[in-house]
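A quick write-up on the structure given underneath.
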Protein chains: 2
Amino acid sequence: MTSSIFEVLAEPNRRRILDLLREREHSVGELVKETQLSQPGVSKHLRILREAGLVEVRQKAQKRVYHLHAEPLVEIDKWLEPYRRFWSDKLDALEKLLNEENEEEIRPLPQQRPLKKKGDFE
Amino acid sequence: MTSSIFEVLAEPNRRRILDLLREREHSVGELVKETQLSQPGVSKHLRILREAGLVEVRQKAQKRVYHLHAEPLVEIDKWLEPYRRFWSDKLDALEKLLNEENEEEIRPLPQQRPLKKKGDFE
DNA sequence: AGGTTATATAACTGTCAAGTTATATTGATA
DNA sequence: TATCAATATAACTTGACAGTTATATAACCT
């Protein structure tokens with residue numbers, strides 16, 4: 001039901017909506033215009049974003065105005081943290097070296113032939 | 001076929017595999033032991049991770065040893081970048097203020113009653 | 001009250017992803 | 001060479017999700 005923040009961000013339209021809300025708040029109707037989606041489609045995504053705590057709503061006359069609440073993105077940032085030290089190529093090389101200290105023989109990886117599929121014959 | 005980095009990371013088992021590879025390289029068999037998955041299940045995830053450039057393989061006897069290649073995660077970090085300024089509560093409040101300058105009347109949001117569903121009667 | 005506007009939800013549909021089992025491929029070894 | 005060990009792929013099944021249309025809800029306006 002309520003999905004992980006990673007799953008929420010996996011959907012491109014949702015990232016698009018967040019990007020739009022980063023600039024300024026938008027009503028549902030405005031978001032419909034900015035996306036390729038139907039109105040219910042947008043509302044569905046907004047619900048998921050709301051349940052993830054990434055957006056908040058205000059009512060303004062008949063409209064519902066959504067704005068960004070970026071705080072849950074901190075979780076992504078935290079997950080990323082221990083990976084940061086691997087990013088530089090130089091550090092990569094160092095890692096590699098440390099890993100390979102305990103290794104024996106290393107052979108080049110041969111290209112694997114595709115398996116025989118259903119329709120294949122020879 | 002090849003999925004976005006966000007989709008790749010949306011799958012919990014794949015994040016788990018990356019976490020394991022962050023500590024040290026692992027053979028497929030080792031990863032099978034560390035996860036709840038069948039061997040083909042692990043291989044399938046490894047293929048997706050490979051196609052995303054997040055892991056690399058070496059052959060060692062019959063084994064295939066996978067190691068982390070974290071570089072593609074930079075894309076996530078970059079995506080996150082423009083959101084960082086929203087994280088602090090203080091900045092949030094400032095944003096809010098700026099947004100609300102152009103607003104008129106603001107009313108509290110009433111709780112919406114659930115719609116009538118198929119099986120409902122009165 | 002009745003009509004209009006704006007949005008949320010229900011119900012349905014089709015696609016795809018993730019898991020499985022069975023099998024092919026490849027390297028090592030007896 | 002026959003067998004074992006390790007892994008990748010094929011084929012299949014299932015469930016979840018994203019999209020749709022139709023409709024309910026709610027606020028505004030006359």
Side-chain angles (χ1 to χ4, degrees), chain A residues 1-4 6-17 26-33 35-51 55 57-66 104-120 122, chain B residues 1-4 6-17 26-33 35-51 55 57-66 104-120 122:
Chain A
M1 185 127 234
T2 44
S3 2
S4 87
F6 288 95
E7 289 167 308
V8 171
L9 295 181
E11 217 293 320
N13 290 307
R14 286 198 284 268
R15 292 202 301 281
R16 170 89 176 118
I17 289 174
H26 286 71
S27 70
V28 178
E30 289 171 335
L31 291 173
V32 171
K33 278 174 207 151
T35 61
Q36 301 283 36
L37 298 170
S38 64
Q39 177 268 309
V42 170
S43 282
K44 250 174 111 175
H45 284 306
L46 286 171
R47 180 200 244 274
I48 290 167
L49 290 168
R50 225 184 319 125
E51 288 176 348
V55 303
V57 215
R58 266 180 28 249
Q59 187 132 8
K60 182 177 165 186
Q62 304 116 315
K63 298 184 184 178
R64 294 189 164 217
V65 181
Y66 282 80
E104 297 94 69
E105 5 152 24
I106 293 162
R107 226 172 314 335
L109 193 66
Q111 206 60 12
Q112 191 144 331
R113 276 190 307 165
L115 299 186
K116 279 179 198 140
K117 295 195 226 171
K118 207 179 185 180
D120 288 0
E122 48 231 296
Chain B
M1 187 124 231
T2 44
S3 0
S4 87
F6 288 95
E7 290 167 306
V8 171
L9 295 181
E11 217 293 322
N13 290 306
R14 286 198 283 267
R15 292 201 302 280
R16 171 90 175 115
I17 289 174
H26 285 70
S27 70
V28 177
E30 288 171 336
L31 292 172
V32 171
K33 278 176 206 149
T35 61
Q36 301 282 37
L37 298 170
S38 64
Q39 177 267 310
V42 170
S43 281
K44 247 173 116 174
H45 284 307
L46 286 171
R47 179 200 245 276
I48 291 166
L49 290 168
R50 225 184 318 127
E51 287 176 348
V55 303
V57 216
R58 267 184 22 250
Q59 187 132 7
K60 183 178 166 187
Q62 303 115 317
K63 298 184 182 175
R64 291 187 167 220
V65 181
Y66 282 80
E104 297 93 72
E105 5 152 27
I106 294 161
R107 230 171 313 340
L109 192 67
Q111 205 59 12
Q112 191 143 331
R113 277 190 307 165
L115 299 184
K116 279 179 197 138
K117 294 194 229 173
K118 206 177 183 181
D120 289 0
E122 48 230 297

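Below, read A as the first sequence line, B as the second, and so on, with proteins coming before strands; counting in each chain starts at 1. Just so it is clear, the structure is predicted and the values come from calculations on it, not from any experiment. Computed over heavy atoms, backbone and side chain alike; hydrogens, waters and symmetry mates excluded.
The NZ atom of B/Lys44 sits 13 Å away from the P atom of D/dC12 (whole-angstrom rounding). For B/Gln59 and D/dA5, the CD to P distance is 17 Å, given to the nearest whole Å. Following rounding to the nearest Å, A/Gln39 (CD) and C/dT5 (C1') show an atom-to-atom distance of 11 Å. For the pair B/Gln62 CD and C/dA24 P, the computed distance is 19 Å after rounding to whole Å. Residue B/Asn13 contributes atom CG, which lies 9 Å from atom P of C/dT20 at whole-angstrom precision. Atom CG in A/Leu37 sits about 12 Å away from atom P in D/dT21, given to the nearest Å. Between the CZ atom of B/Arg47 and the C1' atom of C/dT25 there is a distance of 15 Å, given to the nearest Å. A/Leu46 places its CG atom 12 Å from the P atom of D/dG19, with the value rounded to the nearest Å.
Considering only side-chain N and O atoms, B/His45 lies nowhere under 4.0 angstrom from the phosphate OP1 or OP2 of C/dA17. Close to D/dA18, at under 4.0 Å from its OP1 or OP2, lies a side-chain N or O of A/Arg14. Look at A/Tyr66 and you won't find any side-chain N or O under 4.0 angstrom from OP1 or OP2 of C/dA6.
The nucleotide whose nearest atom lies closest to any side-chain atom of B/Ser38 is, among C/dT20, C/dT9, D/dT7, C/dT20.
Here the CG atom belonging to A/Leu49 is positioned 6.0 Å from the CD1 atom belonging to A/Ile17, to the nearest 0.5 angstrom. One finds the CG atom of B/Leu31 at 11.5 Å from the NE2 atom of B/His45 (value rounded to the nearest 0.5 Å).
Comparing A/Ile48 and B/Val28, the nucleotide of DNA chain D nearest to each residue sits closer to the 5' end for B/Val28. When each of A/Pro40 and A/Glu7 is assigned the nucleotide of DNA chain D with its nearest heavy atom, A/Glu7 is the one assigned upstream, toward the 5' end.
The side-chain contact (heavy atoms from CB on, under 4.5 Å) check on B/Ile48 picks up B/Ser3, B/Val8, B/Arg14, with sequence neighbours excluded. In terms of the side-chain contact (heavy atoms from CB on, under 4.5 Å) criterion, A/Gln62 has no residue partners (sequence neighbours excluded). Residues satisfying the salt bridge (Lys or Arg N to Asp or Glu O under 4.0 Å) test with A/Arg16, not counting sequence neighbours, are A/Glu34. For A/Ser38, the side-chain contact (heavy atoms from CB on, under 4.5 Å) partners are A/Pro40, not counting sequence neighbours. Every residue two or more places apart in sequence or in another chain that forms a side-chain contact (heavy atoms from CB on, under 4.5 Å) with A/Arg50 is listed here: A/Arg47, A/Val55, A/Val57, A/Tyr66.
Comparing the local axis fitted to the first five base pairs of the helix from C/dA1-D/dT30 to C/dA30-D/dT1 with the one fitted to its last five gives a bend of 10°, rounded to 10°.
Nucleic acid contact class of B/Gly41 (heavy atoms, under 4.0 Å, all strands): base. At a threshold of 4.0 angstrom between heavy atoms, the contacts of A/Glu11 are confined to the sugar-phosphate backbone, with no base atom among them.
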